[in-house]
Amino acid sequence: MSDNNATIEDYFSEDRVFTPTDNFSKQALANDLSLYESAEADFEKFWESQAKELLDWYEPFGQVCEWQLPFSKWFIGGKLNVSFNCLDRHVLAGRGGKVAYYWEGEPGEKISVTYSELLDQVSQFANCLKNLGVKKGDRVAIYMPMILELPIAMLACTRIGAAHSVVFGGFSSDALAGRINDAQAKLVITADGGYRRGATVQLKSNVDLALEECSTVDHVVVVRRTNTQVNMVAGRDVWWDELITGVSTKCEPVAMDSEDLLFLLYTSGTTAKPKGIMHTTGGYLTQVAYTHKYVFDLKPESDIYWCAADIGWVTGHSYILYGPLTNGATSIIYEGTPDFPDKDRWWDIIERYKVTILYTAPTAIRTFMKWGEEYPSKHDLSSLRLLGSVGEPINPEAWIWYYTHIGQSNCPVVDTWWQTETGGIMISPLPGVTKLKPGSATFALPGIFVEVVDDNGNKVEKGGGYLTIVRPWPGMLRGIYGDPERYRETYWSRFEGRYFAGDGAKVDDDGYLWLLGRVDDVMNVSGHRISTTEVESALVDHPSVAEAAVVGANDPTTGQAIIGFVTLKSGETQSSEKGEELRAHVARVIGAIARPKTIIFTDELPKTRSGKIMRRLLADVANGRSLGDTTTLADPSVVEEIRSKASDSTAED
Ligand code: WT7
């Protein structure tokens, strides 16, 4: 039963449970509760042993954690270098011939690069950075497609102690300029262009436009990728291939303090000015290596690991670069879109490279559901042994689809909750230990301490509320670049002594955590606070539905009424009968209170460039308001189309 006073009510229930198989557990790195027990017994000692086991330090650290809320420092006094941990030490240990990355370009080129080749290329480019005047402590902006020069550039920065600020290649010149200026970057690394769905996208021309607004940049390094005609500014711009010619492939890594800035990564949030999230060296690397090892049960000798995110997002930083390389993994990097040349590109890649671990986002999974299972079924996916999800709540039906059609009912699915701000995974199953419930990220990882609280900040033992983090963690953001006040205000002011992530969550009878989406999106229907995630999961539970987004629209009787935007699976027909059927389905699955007033069919939902549904814009449409900020929208035409459909469908209730 839902309690009318609850912070966020809890309607949807999911009873399926998947226990780790004996076969999986037997071989798993974690197959009992010992990690949880040691973290529980002494949390600093736990992180101390992870930092010592997983990383090489030039100078050992003393104090594990210094906590002056809201500022933390980890592994005080320790000295290390990230590129040394990612590369040199594997080569020194005789593993230089192991492949670090199998790279595949969208048009089909293939390059494999070993650890020792990567070390040489990183060292060489690090020397080039020095030759261009980049010094320890400087910031370098990187605006590139998913080519190997991107990780090389990032690692080269870490080798000489410069902080990188990667700006996703899909962002505009304005967004790039804002980020360059905020970070006062000295250098920009880019490419002439990149490939996307068979076409080329311009990058260098965006850099040129951006730099009209920037005064701190001395040089631009340009990789030749598409051979698009570009304008090279004499004295400022240099070609990557010309720059590296004849430069030594030996470069001594700089010993960095554990708390030295490693990188900035900008998140847009709700207000216009993006926040430069700061991550430092020792704590961040410890957390990404630890989570990558245990959440993905990573066996560097035998796994072929693929995180299919873009390196421009934190997922790519932590789980394409820093976690996998620290652990000596072999990974895949694919440059392009999943539907080029056809909708089975990913499954083709998995079959050819015998990928064992796949990590992707619910938005991709729901897109594959929409396209239909005939695409994965054309390929041999039997190499897969573990699947992961990140970025949004994964609806139980999408989880089951992923488990069944990609994992062939043979791979655990780890739903991992975290944020740009947390640096690494925070809430996730351990695949050899945790019984899975589809749609639940299950429990905080060993060493991470979270609580769900109500409006007054009191702990909720069961039911819905706000997700908070109650102890510092090594990979936590160290602040917002140049704005400590905004850091305090954004994350630490809502609940005293707690980090509040902006997400709603509920705790079920067994203590499992279910993420409910951003609390800004919660709807209020006749005084009931209903999470968007639960209603969306009920819609996706219907066999015709691939994807759904719901929002509240002002309603004279109920305060807000639920409007559902629905994308059907391919082959299904949009009709008012189907709309009725879906409304009835939601009422049956979670109750009449959550029955959408209107269903609007749409072929696409408005999403950010990282694939999150932008409910705020749908709410603007549903409420007949003019659209708010659309700068982070991936495809603006989608909203216009929905707007015209919404005005046609008002008679539907
Ligand atoms: C927000 C953070 C973490 C890397 C990619 C996104 C949502 C993320 C999950 C999940 C439910 C999730 C949250 C979070 N989110 N993972 N497994 N279940 N929600 O990083 O762009 O900083 O976004 O993504 O709302 O706060 P980000």
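Each ligand, and each atom within it, is numbered from 1 in the order the structure gives. Note that this is a predicted model, so its numbers are computed, not measured.
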> I'd like a table of the close N/O pairs between ligand 1 and the protein (anything under 3.5 Å), one pair per line with both atom names and the distance.
unit_1, atom_1, unit_2, atom_2, d
ligand 1, 15 (N), G391, O, 3.3
ligand 1, 16 (N), G391, N, 3.0
ligand 1, 17 (N), D415, OD1, 2.7
ligand 1, 17 (N), T416, O, 2.8
ligand 1, 18 (N), E392, O, 3.3
ligand 1, 19 (N), P393, N, 3.4
ligand 1, 22 (O), T420, N, 2.8
ligand 1, 22 (O), T420, OG1, 2.6
ligand 1, 23 (O), K612, NZ, 3.1
ligand 1, 24 (O), G391, O, 3.2
ligand 1, 24 (O), K612, NZ, 2.9
ligand 1, 25 (O), D503, OD1, 2.9
ligand 1, 25 (O), D503, OD2, 3.0
ligand 1, 26 (O), Q419, NE2, 2.9
ligand 1, 26 (O), D503, OD1, 3.1
ligand 1, 26 (O), D503, OD2, 3.0
ligand 1, 26 (O), R518, NH1, 2.7

> Fit a plane to each ring of Y487 and W492, take the angle between them on a 0 to 90° scale, and name the class: parallel (under 30°), tilted (30 to 60°) or perpendicular (over 60°).
perpendicular
> Under 3.5 Å, is there a donor on one side chain and an acceptor on the other for Y466 and D454?
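No, no side-chain donor-acceptor contact under 3.5 Å.
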> Show every side chain to side chain donor-acceptor pair (under 3.5 Å) that has at least one partner inside residues 498-507, sequence neighbours left out.
D10-K506, W417-D503, Q419-Y499, E451-R498, T468-R498, D503-R518, K506-E534
> Who pairs with D509 by side-chain contact (heavy atoms from CB on, under 4.5 Å), at least two apart in sequence or on another chain?
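By the side-chain contact (heavy atoms from CB on, under 4.5 Å) rule, D509 matches K462.
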> Around atom CD of Q408, are there more than 12 heavy atoms of other residues, nucleotides or ligands at under 6.0 Å?
yes
> Apply side-chain contact (heavy atoms from CB on, under 4.5 Å) to P396 and list each qualifying residue two or more places apart in sequence or on a separate chain.
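Applying side-chain contact (heavy atoms from CB on, under 4.5 Å) to P396 gives F12, E14, R16, P438, S537.
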